[in-house]
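Counting starts at 1 for both ligands and their atoms, following the listed order.
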Amino acid sequence: MPFDPFSPDDIVKTCCKLESGLNLSVEGLRACTRGAMMPPLFCSPEEIKKGVVTKEFIIEKRKEYIRMLNDESSQIDCKSCLMVEQKRYGDIDFSRLGHVDLQHYSFCNLRCTYCAYTRDEMHFSVQYDALAVLRLFSPNDVEWNAHVDFAGGEPSLLENLEEYLEFFRTRRIRVLMFTNAVLFSQAIYDGLADGSIYWVITSLDAGTPSTFKALRGKDKYLQVIENLSRYAVAGSKGKGMLAVKYIFCESNRGDDDIAGFAYAMLALRPQKVWLTFDFAPMYMRQSGYDYSRQIEAYAKLFLLLKKHGIEAFHYYKEAIATVSREGRDIMDRLLSAIDGQSSTTPFDVSDLIFRDFRNGEPPVEIEPDRFSINPLKLITNNGSSRQLSVEGKRVLLVPACPLTQKILSDPEFQSADWIGFVDRNPIQQGKQIEGRTIYSYEAISSMKPDIILVAPPEKHRLDILDAIARNAPAGITIAEIAG
Ligand code: SF4
Ligand code: SF4
C-alpha cells in the first residue's frame with residue numbers, strides 16, 4: 001500500500017476534478033482539461049493499451065496529484081486554478097466517477113481554424129478503449145451529479161457511438177454532446193428527445209456560408225443548419241436541449257455574420273444560444289493580443305438576439321472565467337460593452353419578440369421573492385424583508401445541483417420537513433441526494449409543498465422559473481436565492 005502523506009483530519013487543498021474527474025484524451029488519461037490549465041497525465045495511451053490502468057491505479061494518481069498540489073516545492077498547473085478549495089482529507093473519496101471528458105480520438109469532418117487539432121494536424125483515430133477504462137467504475141461509484149463532455153474529434157463519426165450512449169444511459173450519467181452537426185445522427189436525435197442526452201452543443205460560428213467555409217474548412221453551412229433544425233425539434237419535446245454556439249474569432253465578427261446568425265436562430269429556435277470567444281491566443285500566451293473588436297461584435301450580437309426575445313448565455317463564464325483571471329477580465333470588459341451598447345437598443349417592443357413556435361405557448365415570466373442565508377430571510381419584490389421560517393414546512397429544492405445540495409445541509413434549514421429536489425432531466429429523476437429524492441416538475445403539485453426554494457444556474461434560470469410557474473400550486477411561497 002503506497003504511503004499516504006496526510007492524516008484524515010488534515011485540511012488540504014483539493015478540487016472536485018482531482019478527486020473524481022477523468023479526462024480521456026488522445027494524449028492519455030488525466031483528471032481534467034481546462035484549456036489554459038492542464039493537470040499532469042496519469043498515463044499515456046500506450047500504457048492504457050498495455051493494461052496498466054486499474055481503479056486502484058487511478059485512485060493512487062489522484063492522491064499523488066493532491067499531494068503535489070499541497071507541496072510548495074512541486075510544479076503543477078492546478079496551483080493557479082480558481083477551482084481549488086480546502087477540505088478535510090478524510091472527507092475525500094477518491095474512488096468515484098464524476099466529471100468525464102471524452103476525447104480519446106481527434107478525427108473530424110471539419111477543419112476549424114481555431115481548433116488545436118487542425119492547427120497541429122492531429123487527426124487521430126480512436127487511441128484506446130475508453131469504455132474499458134470507464135467500466136472500471138461500478139454503477140455505485142457514479143456520483144449523483146456525474147456528467148460527460150462527449151467531444152473529440154467529432155462523436156457522430158464514432159462507429160460505436162450507440163454503445164457509448166447506452167453505457168452513459170444505463171449508468172445514469174448526464175451527456176453533453178459536442179457535435180458539429182455536419183452528419184445527422186438518429187442516435188443523437190433520439191437521445192435528445194428522451195433526455196438521455198441532456199445537451200447537444202453545436203458551434204455554428206457564422207451567419208453566412210462563405211464565413212463558415214473559411215472558418216470551419218468545409219462548405220457545410222446549409223447542411224448544418226438543416227440538421228440543427230431537426231435537433232431543435234427533438235429538444236422541443238422538453239427533455240434534452242439543443243444549444244447553438246458562436247465562438248467569436250477574428251474572421252467572423254462582421255455585421256453580415258452577426259445578422260445572418262441572429263436571424264438563423266430566430267428561424268431554428270434552438271433551446272439555447274451560447275456565446276463565447278476563441279481563447280486560443282490567451283492559452284498560447286500571445287502577449288498583447290487585443291480582444292476589443294471581438295468584444296464589440298459579441299455585445300452587438302447579444303443585444304440583437306435580446307431585442308427579439310432570445311437571452312443568449314455567456315458560455316465562457318462557466319469555462320475560462322472559472323479558472324483564469326485573464327478570462328474574468330475579458331468577461332468584465334464584455335459586460336461593460338453590453339451596458340454601453342444597450343443604451344441605444346430598443347427592448348420590450350412586443351412586435352419584435354419572436355414567439356417560440358416550437359413550444360406553442362409563450363414562456364410564463366415570474367419574478368419570485370428572494371431568500372438569503374445566514375441569516376435566513378425572505379426579501380420580497382417590494383424590498384421589504386422578514387424572517388423566513390421553514391420549521392415543519394414541506395420544502396422542495398429546485399434544481400438538483402451542488403448549490404441546492406448545500407442548502408439541504410445548512411443548519412438554518414434543519415427544522416424543515418424536506419420533500420426533496422426537482423429537476424427536469426429524466427436521467428436525474430429518481431436519484432437520491434443525501435437520502436432525498438429528485439422528482440420531475442410534473443410531480444410538484446402532488447407533493448403539496450409549502451415552500452419552493454430555487455437556486456438556478458444562470459443559463460437555466462428562465463426555463464426553471466417558467467417550469468415552476470406552470471407546475472406549482474397557487475398560494476405557496478416561491479423564493480430564489482439572493483445573488
Ligand atoms: S486544473 Fe483546476 S479544475 Fe483541473 S484538476 Fe487542476 S485544480 Fe482541478
Ligand atoms: S468541429 Fe470540433 S473537432 Fe472538428 S475541427 Fe472543428 S473544433 Fe475541431
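Residue-level proximity to ligand 1 for Cys32 is carried by the side chain, the only part with a heavy atom below 4.0 angstrom. Using a 4.0 Å cut-off between heavy atoms, Glu154 makes no contact with ligand 2 at all. Of all the heavy atoms of Val84, the ones lying under 4.0 Å from any atom of ligand 1 belong exclusively to the side chain.
Counting the atoms of ligand 2 from 1 in the order shown, those under 4.0 Å from a heavy atom of Asn180 are 1 (S). Using a 4.0 Å cut-off to heavy atoms of Leu110, the atoms of ligand 2 that qualify are 5 (S). Each of the atoms 1 (S), 3 (S), 4 (Fe), 5 (S) of ligand 2 lies under 4.0 Å from some heavy atom of Cys108. Within ligand 1, the atoms closer than 4.0 Å to a non-hydrogen atom of Met83 are 3 (S), numbered from 1 in the order shown. Close approach of ligand 2 to Cys115 is summarised as follows: ligand atoms under 4.0 Å from at least one heavy atom of the residue are 5 (S), 7 (S), 8 (Fe). Near Leu18, the atoms of ligand 1 lying under 4.0 angstrom from a non-hydrogen atom of the residue are 5 (S).
When only modelled atom types and interatomic distance are considered, Ser196 and Asp194 share a side-chain donor-acceptor pair under 3.5 Å. There is a side-chain donor-acceptor pair under 3.5 Å between Glu296 and Gln341. No side-chain donor-acceptor contact under 3.5 Å links Thr33 and Gln103.
Residue pairs meeting the salt bridge (charged side-chain N to carboxylate O under 4.0 Å, His left out) criterion with at least one partner in residues 107-123, sequence neighbours excluded, do not occur; the list is empty.
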Criterion side chain to side chain contact (heavy atoms under 4.5 Å, CB included) on Leu22 and Arg62, from CA distance to verdict: CA-CA 10 Å; Leu22 267 193; Arg62 287 172 172 170; 4.1 Å; yes

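Atom CD of Gln75 has 12 or fewer neighbouring heavy atoms from other residues, nucleotides or ligands inside a 6.0 Å radius.
Closest to atom 6 (Fe) of ligand 2 among all protein heavy atoms lies Cys112 SG, 2.2 Å.
Remark: atom 2 (Fe) of ligand 2 lies closer than 4.0 Å to no protein heavy atom.
At a threshold of 2.8 Å, atom 2 (Fe) of ligand 1 has no backbone or side-chain N, O or S atom of Cys15 nearer than that distance.
Figure legend: Arg230 and Phe184 shown as a cation-pi pair, the cationic atom lying under 6.0 angstrom from the six-membered ring centre and within 45 degrees of its axis.
Between the side chain of Tyr231 and the backbone N or O of Ser185, at least one donor-acceptor pair lies under 3.5 Å.
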